[in-house]
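Below: the structure, in structure tokens.
Protein chains get the first letters and strands the later ones, always in sequence-line order, with residue 1 at the start of each. Quantities reported herein were computed from a predicted structural model and do not represent experimental measurements. Worth knowing before you read on, the calculation uses all heavy atoms, side chains too, and leaves out hydrogens, waters and symmetry mates.
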Amino acid sequence: MTTPKVEAAGGRGPRVRFAPSPTGFLHVGSARTFIFNWLYARRNGGTMILRLDDTDVERNTEASVNSIFDGLRWLGLGWDEEFKQSERIALHQKMAWTIFERGFAYRDFTPAHSGDAEKSGAQGNWLYNPGMRDLPLAESDRRAAAGEPFALRFRVPRDLEQQVRFVDAVYGEQVKSTADIEDFALLRSDSMPTYHLASCADDADLHIDHIIRGQDHLTNTFKHVLIFEAAGCQPPAFAHLPLLVAPDGTKLSKRRHGAVVSVTTYRDMGFLPEAFINFLCLLGWSPKDNREKMSREELVASFSLEGINRANTVVNFKEPAATAEEMFDSKAVWLNAEHIRALPLADLSERLLPFVREKFEVEPSKMLQVTPLIQERIKLLRDVLTAADFFFVSDLPPYDPAELIPQKGDAGMAFRVLQKAEAVLQGTEFKHDALDQVLRSAAQELGVKAGQMFQPIRVAVCGRKNAPPLFETLEVLGKDKAIKRIGQALASLQNLSSVGQGR
RNA sequence: GUCCCCGUCGUCUAGCCUGGCCUAGGACAUCGCCCUUUCACGGCGGUAACACGGGUUCAAAUCCCGUCGGGGACGCCA
């Protein structure tokens with residue numbers, strides 16, 4: 001991984017970062033954090049930094065790294081600089097020892113606690129081990145020199161009641177007593193940095209001046225302020241984002257909530273990245289002027305930290321859902337449909353193609369013809385498979401011939417209509433106006449209503465009642481296929497026992 | 001358990017800082033009507049919320065206190 005220069009590319013705008021830890025796929029909450037950081041950087045002419053917080057060797061996976069990059073690439077927003085925390089360990093350690101030398105840290109020779117097993121319940125109010133905190137420096141040095149393993153802990157001020165404070169751009173002034181902050185670890189007994197240390201050391205080194213992240217870090221921030229100050233650094237500005245929660249009110253989790261919280265699920269089900277971004281922006285932020293559907297440019301132009309809310313936001317998905325559409329938040333689906341309708345035909349057609357090609361062989365030119373017929377009828381790109389399938393198959397899948405019977409009509413009427421259509425269509429040019437004229441007058445001749453004329457034909461060529469407008473459909477389908485399918489419909493009607501002879 | 005944060009329609013939200021224009025606005029969803037060759041789009045309309053209790057004030061969704069409720073953080077994980 002390349003490590004670009006630390007100096008900002010363009011100038012003196014804010015430097016922000018998105019720092020995921022690769023322990024799972026990119027989920028929607030992380031994506032929103034990325035987006036808000038990106039928006040803030042772009043809005044203010046700043047620099048967006050991607051930093052992989054991968055110091056936990058045990059849990060980091062290559063698959064997770066890939067998933068994160070997949071998700072971010074799909075969003076298509078990009079970033080200016082990229083770092084990998086695991087390559088910067090020496091820097092973190094250096095900061096830890098600076099803090100130690102300044103007297104704000106001490107060695108703790110207590111053997112490491114077992115693990116996360118008994119993490120479950122109420123953790124007492126453990127603050128520190130007096131024996132270790134008060135160990136004379138000489139003895140500490142001697143034991144370290146003798147090779148005894150130790151963790152390095154932050155020496156949280158305890159002599160007199162002190163308060164740690166910072167101003168959060170979203171939550172306002174935050175204050176916490178040092179009596180409520182334990183002596184957290186800086187270095188583990190294998191000398192590897194902990195998250196808090198590594199994060200602060202990198203933020204300082206990379207000159208991050210605005211940290212925009214989830215509210216689950218709000219209380220961690222007091223520790224971070226302590227670290228920055230002990231290391232002699234100016235703490236950056238903080239802005240914490242309200243948490244994205246599941247319909248059950250709990251924090252989004254891959255384990256509990258499954259694939260709906262993964263960014264790539266949205267991609268695979270046919271969301272447009274711009275619609276997805278739009279949706280996420282409206283979760284915990286508002287432009288305050290009732291706008292909902294917004295382009296990337298509009299978002300950049302109107303984004304500000306002042307518009308961010310404080311209350312948790314529900315992502316209203318349904319995990320066991322009957323259809324793909326039902327599993328997502330209905331507003332996300334609606335926004336996607338809005339963006340789809342706003343897309344230029346050629347663009348939409350191009351984006352539809354990969355989905356169609358999962359099941360059918362289709363030429364781009366054909367797709368382009370079909371696109372206008374479904375543009376306002378699909379909500380997810382993937383819907384193209386169910387909305388336009390009959391354009392792409394040579395033979396229709398079997399359907400119930402009873403569907404051919406029009407409103408207030410019978411099988412006989414269906415038969416007469418289709419016979420008439422077959423005859424009359426033969427000599428008709430397959431263009432909208434010609435078809436319109438011919439079929440309407442055919443209806444008149446038969447003495448049936450236009451709707452009664454059209455429905456049997458629609459079902460015959462589409463295989464179902466709900467479909468795009470008939471004339472356009474026929475035009476795109478072409479004369480040969482249309483007439484062939486009408487013939488097949490006629491045959492299936494004859495097999496219907498109830499058919500009282502087409503006259 | 002300790003500490004922190006939050007609480008406006010089912011959901012996302014506007015309004016709250018700088019009390020009165022709020023008989024609380026918009027959107028999604030939902031219901032109904034219209035448009036219409038089906039579906040969809042579009043148009044019109046309906047149902048639906050200031051968690052509760054006390055204050056302060058001529059006046060509170062807006063300020064203060066309390067209660068309840070929800071969430072988060074408390075690891076040699078990130």
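- Across all strands shown, Ala467(A) has heavy atoms under 4.0 Å from base atoms, whether or not it also approaches the sugar-phosphate.
- Residue-level contact check: Gly214(A) touches neither bases nor backbone, having no heavy atom under 4.0 Å from any strand.
- When heavy atoms are screened at a 4.0 angstrom cut-off, Pro149(A) is found touching no nucleic acid atom at all.
- Heavy atoms of Arg440(A) sit under 4.0 angstrom from at least one base atom.
- Among the protein residues, Pro111(A) comes within range of the nucleic acid bases, having at least one heavy atom under 4.0 Å from a base atom.
- Side-chain atoms of Lys331(A) come within donor-acceptor range of the base of A27(B), with a qualifying N/O pair under 3.5 Å.
- Close to A73(B), at under 4.0 Å from its OP1 or OP2, lies no side-chain N or O of Lys176(A).
- Within the 4.0 angstrom heavy-atom criterion, no nucleotide atom of any strand lies near Gln452(A).
- Nucleic acid contact for Asn312(A): sugar-phosphate only, since backbone atoms but no base atoms lie under 4.0 Å from a heavy atom of the residue.
- Checked by distance alone, Ser330(A) brings no side-chain donor or acceptor within 3.5 Å of a matching partner on the base of C28(B).
- Residues Phe271(A) and Phe279(A) place their aromatic rings such that the two centres sit no closer than 6.0 Å.
- Side-chain N/O atoms of Arg310(A) and base N/O atoms of C5(B) include no donor-acceptor pair closer than 3.5 Å.
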